Amino acid sequence: MTDGSGVVTVAEIVPANEQDRLAAVRRYDILDTPPDGAFDRVTAVASRLFDVPIAIVSIVDSDRIWFKSHHGIEVEEIGRDPGLCASAILSDQPWLVSDAKVDPRTLANPLVAGDFGLRFYAGVPLRTHDGFNLGTLCVIDKEPRDVSEVEVANLADLAAVVMDEIELRLSARRTVGLEAEMRRRAEAVAASLQESLVPPAVPEIEGFDVATRYHAAQRDQVGGDFFDVVAADWGTGLIIGDSCGKGTLAASYAGSARWTLHTVMLDSQDPARALERLNTVLSRSKGGRDRYVTVAAASLCRDSDGLRLSVAVGGHPHPLIVRRDGAIERIGETGPLVGWVTESVYSCVDQMLNPGDAVVMFTDGLLESIAGQGETDGRALEAVLAPQAGRTAEELAAALDAAMGGDRRDDAAFLVIRVL
Amino acid sequence: MTDRPAFEIDLSRSVKGVSCVTARGEIDLAAERAFEEVIRSALQAASADALVLDLRAVTFMDSSGLRCVLVAQREAKAAGLGFRLRIADGAVERLLKAAGVWDWLQYE
């Protein structure tokens, strides 16, 4: 341990496992943390037991020794000089120095050689469960003295208490960190599910102007509201729906419903047949056994009579036509919610649309936030829309946004499409 | 949602093998699990040969509550039990009609 002069050199105070040991120090994330009463109590007890003025919980960093707790000395950290804590962590045994001034292991240490005048040092390494010495619990005096076996045993017991506290803090941090991580992941999953429900950008549809909204009641809890605009060869399909419940199951079920209906509507301009096909798919799906969606589907298609709107409703609030002159028409015939029984049948209701007319499709969240909880009739909504007749889709949507209360219990989605 | 819960659900086994689940207040997502559990125990009651859901004191029901009703109906049917609803005019009737399931259910 010593060179020819009997003085310990710096190279000799670096443990063989230093890289791993420093990794352990980092892992416990204790360096430069604020004072902590639990450690301060231990150093106070140690100082009293030994009847010495100073007791320290030290952590040996790569180039310094940092004090987690320092009783009787107003110093936060010292250099990693040989002889005291830096040497004490080299072995698993207590490091005992009865008179540092004459001990070749310590006499060159600045605390010993300098003004501080350290004479007595007894330190026990703080050993992790996997065998790394993070630092020490040590007691210090400016007078030389001897230690008994009982005193050393007491110090070792106290060091074990310190280590327990350190391990406890790590596991608590891990638990908290794990929870935070799980929460982050849940939010990320929720966000990505929501993205799968709401088309990132509604396609530009020639001859129409479109505005859509998705108002989530809670950021981290996806609801099952969904909408879509289908640009098909035959014309334009419109979808709005809601799967019961909240959370990832509801959202993923809603996602399947939306994509299924989107796909069906690419080929079919008959929204009633589209709902029947969706119903068949969903009611036969095992995963969605206890689930259903409510949906309104519509098609916009130009034929010899003009622009025809065709609507089918499966247990969902009926779409509204906002005529250019301010008249509001509720359109559709209520069919059963979709995906529960295989034999459900839906029917279409048609209306012709003219330039300036708009169609508003929405989920019950919109209705309730405007008309009140449990409200299924759309009169309050009609009162908001009528004065907006003839305005752009975005203006209609903005009027609905404004009419919604701030405190929302449910998600709300809506889609406004206006004939140019 | 202040002093008392917004919903209450009781199970009573009344005469002639009819299990009756009575719900009061608001049956939404918050009540869903409790509602489902009570319905399940009602269905498991060995002596029962019919399940009645008494929703006359329900002031609000959303799609979560509706789902419970539909699940109860299906489970009751699978177990060979009768299934009937007791409802008052109002929120529940409106919901059942808006969801297009009014004709699926029996009432008493």
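Because the structure is a prediction, the values reported are computed rather than measured. Heavy atoms only: backbone and side chains are in, while hydrogens, waters and symmetry mates are out.
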Just checking Arg74(B): does its CZ atom have more than 12 heavy atoms from other residues, nucleotides or ligands closer to it than 6.0 angstrom? yes

I'd like to know whether NZ of Lys77(B) has more than 12 heavy-atom contacts from other residues, nucleotides or ligands below 6.0 angstrom. no

Interatomic distance, Ser63(B) atom OG to His316(A) atom NE2 [nearest 0.5 angstrom]: 11.0 Å

Segment of [X] engaging chain A (4.5 angstrom heavy-atom cut-off):
| X | result |
| --- | --- |
| Trp104(B) | side chain |
| Leu66(B) | both |
| Glu36(B) | neither |

Looking at side-chain heavy atoms only, is the closest gap between Asp290(A) and Arg67(B) below 4.5 Å? yes

Heavy-atom contact with chain B under 4.5 Å, split by part of Thr334(A):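 For Thr334(A), side-chain heavy atoms alone lie under 4.5 Å from chain B.
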
Applying ring-ring contact (aromatic ring centres under 6.0 Å, His included), name anything that partners His318(A), two or more places apart in sequence or on another chain. none

Spell out the residues in residues 337-348 of chain A that have some non-hydrogen atom less than 4.5 Å away from a non-hydrogen atom of chain B, in order of number; otherwise answer 'none'.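 Residues in range: Leu337(A), Trp340(A), Val341(A), Ser344(A).
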
